[in-house]
Amino acid sequence: MTHYDHKSIEAKWQKHWAANKTFKATNNSGKPKFYALDMFPYPSGAGLHVGHPLGYIASDIVSRYKRHKGFNVLHPMGYDSFGLPAEQYAIQTGQHPAETTKTNIEGGTDKSGNKIAGYRNQMDRIGFSFDWDREVRTSSPDYYKYTQEIFIMLFDSWYDNDADKAQPISLLESRFRESGNSNINAATDEDLKQFTAAEWNAFTEKEQQEILLDYRLTFLADTEVNWCPALGTVLANDEIVNGVSERGGHPVVRKKMRQWMMRISAFAERLLTGLEGLDWAESIKEIQRNWIGKSVGAMVSFKLNEHKIDVFTTRPDTIYGVTFMTLAPEHELVDQITTAAQKDAVEAYKKATAARSERERMADVKTISGVFTGAYATHPLSGEPVPVWIGDYVLAGYGTGAVMAVPCGDERDHAFANYFAGQEGMPAIKNIFDGVDISEEAYGAKDKTPLCNSDFLNGMSYKQAMYTAIQKLEEIGAGKGKTNYRLRDAVFSRQRYWGEPFPVYYKDGLPQMIDRKHLPIELPEVDEYLPTEDGAPPLGRATTWSWCTKENKVVSNDDDRDCVYPLELNTMPGWAGSSWYMFRYMDANNENEMFSAEAQEYWNNVDLYIGGSEHATGHLLYSRFWVKLLHDLGKVTVEEPFQKMINQGMILGESAFVTRVNNMVSLRDSIKRPELSLTDAVKESTIRRLKLSNQYYISDFGNKEEREALRQIILNDLIKEYPNETEWENTENFLHFYVDVIPANVEFVNRDNELDISAFKNWRNDAKNAVFYSSKDGTFKVSREVEKMSKSKYNVVSPDDICDQYGADTLRLYEMFLGPLEQAKPWNTAGITGVYGFMKKLWKLYHNDAGFSVSEEKASPDSMKTLHKTIKKVQDDIENFSFNTSVSSFMIAVNELTAQKCNSREVLEPLAVLVSPYAPHIAEELWSLLGHKESISEAPFPVFDEKHLVESSKTYPISFNGKMKFTLDLPVDVSKDELEKMVLENEKVQQQLEGKQIRKTIIVPGKIVNFVVG
RNA sequence: GCUCGAGUGGUGGAAUUGGUAGACACGUUGGACUUAAAAUCCAAUGGGUAGUAAUGCCCGUACGGGUUCAAGUCCCGUCUCGAGUACCA
């Protein structure tokens, strides 16, 4: 074989690696460990596209590099295989989601007869060094039994604020038995009733369980949820984008439902501080910080008759600036405090806000609205009356749903006060900032401006007043320092089929956990994947979905024994399985526990995590939460799962569009009065619509000439079609057609944006007989737009075609060559020939016309220099995750070695190892041609030796006044003074200096020489 | 609006702590080989300008300032684009 045959080489080595389990990781090894993890994919029916492997290639390069460097590398892959698309597809086709999911992973033919390549096959073709023996699928009962187990662990835990960790619920029970709950500082909802030990012990079992439910880290609660009617399920906050569902873009409404919740808010502070030690992109950390939304301030109570209105404020220092209060319209006290006179107005306002959808409220933040309740609260410090308003700028869900309004210091309060200025219940704005004009806008700065009109706070600055005010409020029992978080508890129930069932049954309306030893509770069979007629989730259709506490198994719903109880009908959300999978890989085939302590201790946590940044507030926050729980319960030794993370940029698709003439054209009626101007003629004519029986597509609609020509063609067709029409000759100026833009599958478009018309016709049934009007040069062009790659946009490019045509090694190199990993970029194969050319040149270095040929002679110093500078560059690049520049340096190395006619083993052997992380197939082939019997995968990485780069001279840029004029070769091993002397003696330098005076000479040895002249 | 990030040839992108801007690749142009095409190889390629030429000069990293012997890189201001967030008290 003398030419580079990627097909046979790649097939050969992929087979070899699989047969020899070359990349199997062991859980005990004397080598240092390295754990490289990719965010696992959701196996969709569209298959893997060229965007998926981008991150996988990067992590694979690092993994292979680390193996060369002597590490024991864990580099696993699996599937996040529960999820909505499979279920939507199941609803449409009636196929079990488990089947379609399996086909999407393993390949096969779907119900409509489409060939599905399968994620696994597609990945295998790219030559990843995954340890496939550790594959996980979140939808497999072998896996989700442990997801269920973690749910039980959450149920069996509460958050102890004093110890600042999750604790077993049994500990809480024993403390209740001993001393009631007054000394317990737990993360719970506010306002739990207090009880003594005696009271606790006197409670019935059911009462006790109800109380415990308020403390558990997963609990049932009636909450306002985001209900998506189109998807038939609730959604978490992070699953909603701009007020519509992230998947599908369906509207979302607020609805009160009984749901499983996760008390992630208990971990808010640790989730925030934990970010500090992580080597993540600052932007992701920032997104998480914003999402957690910590604000430090105080709770302040305002008395109103027998009621008490609590507010949260971050500015207790401005307490004397309170001019009024505002409650959210949904606030529970509103009805109780509203005066008779204001009742109608308040009712009307409440009704109006309730009718506004979440989306409207979000879109419209400018409009100010509100109503006075007629009530006055009492200022806790000054004792003055404070009017109470309601307004929808106050959110029911944040803080207490009420604010103390300080117009002089808060922009929203300022706007509200001005809008209602002069009306009943709106006093003049109190200004507490000495010497600050607040007539135009509020003064929000937290600087040293002294306070005034503030009694004992007068003269104090922000910090001091904050502290003093809180102290005073605590003293008189009217408030206390408090930290608030925006992070809400997460809804954990989904009214869907294709997710983990809860290990929960209900006895007397109270949830009971099924004992861990009876897991998994497997998904039941249902006749349809839709909600039941009375609105219960799909699991409500299962006929065998009850729990027998005697036999400890799932039994028929018809079983009417006393020991049989109904099972939970909701399933878990998509993020459940992905919140802990990184640990399962460590011990993926353990049948007795989720993973052994030894395995976890050995692998610790993930050293390098690569994936998209779109999971910033979902997966990456929830998995950190679960890991903190597992840590508190002693299950894992780490508190953070992903030490180092890189977010690869999305590879975008270039969608293709063709312009189609609508099947209706409008025709201005014939005009026979040449004396009229065109405008008047149009005015006096009538419009008739004619239907075209043909469809017309036009290549270059923007071109006027082309449009005119197409108009003629259509007109001619119309004349034939409507022979009874008269006066056609006069109508040509008045024929109008309208166009729409139709997406074309990018598979039918070549690199020059030309459409394969016959393929398009074949693909779109309604275009079979259409007329395609090409451009003058005979081609039919599409227009392009860069968008996210998706099946529905027909712009998905599969890596398989690239593998066929150029090979996996070229694909790997090319994806890296496109640019920095983190950057988003459109997929465009324009440059791939350059990379393929490189592969051929690399191959040729090891071959002559006759075949493989490598000499045993010593390499030239030049070649050694090329090799060693490449070693250094590639090593530095991989350590810095700068993969695109490595590819360039390979190209430079091969170009140089070719020019040097180098074919010495001394250089070519280490070169093969250098290339191996990037282009493993060709590296293995060359390695074996070089006579090695073992795989190249563990060959030691070449060691960089500076001595090959040492030179006797360096080319210095010589500049004058900072401008580089020419270069000079100067010796390296001379002093600065000698260097200066040599430069000054130079003829060219003298020329430049002629007639000028040297004011300063800067010589940086090894860098530059600069003369300041004048 | 706020927060974060980014603006470099026709294109994707290089430029380690301030030290030869445009590496590498695509594209384009010209040439060699060929009956021809493909493939391959060679050369040129930021813009302007002077010269027959060798060669030289000027301008150039979004825009306007600044610091420095020296700025794509540091500082201040402006503009544009992208991402996140959206009344969070």
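The sequence lines fix the lettering, A, B, ..., with proteins before strands; numbering per chain opens at 1.
Under the Watson-Crick or G-U wobble criterion, with both distances below 3.5 Å, B:G84 is paired with B:C2. Applying the Watson-Crick and G-U wobble criteria (two distances, each under 3.5 Å), B:U28 pairs with B:A44. Checking B:A21 for Watson-Crick or G-U wobble geometry (two distances, each under 3.5 Å) identifies no partner in any strand. Across all strands shown, B:A89 remains unpaired; no Watson-Crick or G-U wobble contact has both distances below 3.5 Å. Of the nucleotides present, none pairs with B:C33 by Watson-Crick or G-U wobble criteria with both distances under 3.5 Å. B:A53 is unpaired under the Watson-Crick or G-U wobble criterion, no partner having all donor-acceptor distances under 3.5 Å. In this entry B:A15 has no Watson-Crick or G-U wobble partner, no candidate having both defining distances under 3.5 Å. With a cut-off of 3.5 Å on both Watson-Crick or G-U wobble distances, the partner of B:U78 is given as B:A62.
Set against B:C69, B:A15, B:A86, the side chain of A:K1000 has B:C69 as its closest nucleotide. In this structure, of B:C41, B:C59, B:U17, it is B:U17 that holds the atom nearest to the side chain of A:K1007. For A:F817, counting side-chain heavy atoms from C-beta on, the closest listed nucleotide (B:G12, B:C69, B:A86) is B:G12. The listed nucleotides are B:G27, B:C69, B:C24; the one nearest the side chain of A:T833 is B:G27. Residue A:K840 places its side chain closer to B:U40 than to any other of B:A23, B:U40, B:C59. The listed nucleotides are B:A25, B:G13, B:C87; the one nearest the side chain of A:K825 is B:G13. Considering only side-chain atoms of A:S283, the nucleotide from B:A89, B:C4, B:G19 that sits closest is B:C4. Side chain of A:K965, nearest nucleotide from B:C57, B:G19, B:C87: B:C57. Looking at the side chain of A:I1008, the nearest of the listed nucleotides B:G19, B:C24, B:A15 is B:G19. Which of B:C24, B:G13, B:A89 sits closest to the side chain of A:T314 comes down to B:A89.
Proximity of A:N884 to the phosphate of B:A14: a side-chain N or O atom is located under 4.0 Å from OP1 or OP2. Of the side-chain N and O atoms in A:N1010, none sit less than 4.0 angstrom from OP1 or OP2 of B:U20. In terms of phosphate contacts, A:T1001 brings no side-chain nitrogen or oxygen within less than 4.0 Å of OP1 or OP2 of B:C69. For B:A6, neither phosphate oxygen OP1 nor OP2 lies less than 4.0 angstrom from any side-chain nitrogen or oxygen of A:Q823. Using a 4.0 Å cut-off, some side-chain N or O of A:K963 falls inside it from OP1 or OP2 of B:C59. Side-chain nitrogen and oxygen atoms of A:Y398 include at least one within less than 4.0 Å of the OP1 or OP2 phosphate oxygen of B:A89.
In B:G18 the O4'-C1'-N dihedral to the base is more than 90° from 0, which defines an anti nucleotide.
When the P atom of B:A6 is taken as reference, atom CD of A:E822 falls 11 Å away, rounded to whole Å. The CZ atom of A:F966 sits 15 Å away from the P atom of B:U55 (whole-angstrom rounding). Taking atom CZ on A:R486 and atom C1' on B:C87, their separation rounds to 12 Å, with Å as the unit.
B:G56 and B:U61 are spaced 24 Å apart, taking the C1' atom of each and rounding to whole Å. Separating the P atom of B:A23 from that of B:G46 is a span of 8 Å, rounded to the nearest Å. Between the P atoms of B:U68 and B:C63, the separation comes to 23 Å (whole Å). For the C1' atoms, the distance from B:U52 to B:G66 is 46 Å, rounded to whole Å. Taking atom C1' in both B:A70 and B:A54, the straight-line distance is 31 Å, to the nearest Å. Across the P atoms, B:U3 and B:A21 are found 37 Å apart, a figure rounded to whole Å. For the C1' atoms, the distance linking B:G27 with B:A86 amounts to 44 Å, nearest Å. Separation of the P atoms belonging to B:G72 and B:G64 is 14 Å when rounded to the nearest angstrom.
With values rounded to the nearest 0.5 angstrom, A:Y4 atom OH is found 6.5 Å from A:H6 atom NE2.
Residue A:T967 is in base contact, counting any heavy-atom pair closer than 4.0 Å across all strands shown. Base engagement by A:T955 is indicated by at least one non-hydrogen atom pair under 4.0 Å involving a base atom. Contacts of A:V1012 with the nucleic acid, taken as non-hydrogen atoms under 4.0 Å apart, involve only primed sugar atoms and P, OP1 or OP2.
Between the side chains of A:T955 and A:D969, a donor-acceptor pair is found at a separation under 3.5 Å.
Projected onto RNA chain B by closest heavy-atom contact, A:S959 and A:T313 fall at different nucleotides, the more 5' of which corresponds to A:S959. When each of A:V403 and A:G834 is assigned the nucleotide of RNA chain B with its nearest heavy atom, A:G834 is the one assigned upstream, toward the 5' end.
Looking at heavy atoms from C-beta onward, A:D392 lies in side-chain contact with A:Y349 at the 4.5 angstrom threshold. Counting heavy atoms from C-beta outward, A:C408 and A:I432 have side chains that approach closer than 4.5 Å.
With a 6.0 Å cutoff to the six-membered ring centre and a 45° limit on the axis angle, A:K872 counts as a cation-pi contact of A:F944.
Within 6.0 Å of atom CD in A:E282, more than 12 heavy atoms from other residues, nucleotides or ligands are found, so the atom counts as buried in its surroundings.
When all heavy atoms are compared, the tightest approach of A:Q288 to A:A616 is NE2-O, 2.8 Å.
The aromatic rings of A:F838 and A:F890 lie parallel to each other, with less than 30° between the two planes, well short of the 60° mark. Between A:F966 and A:F960, the ring-plane angle classifies as tilted under the 30° and 60° cut-offs.
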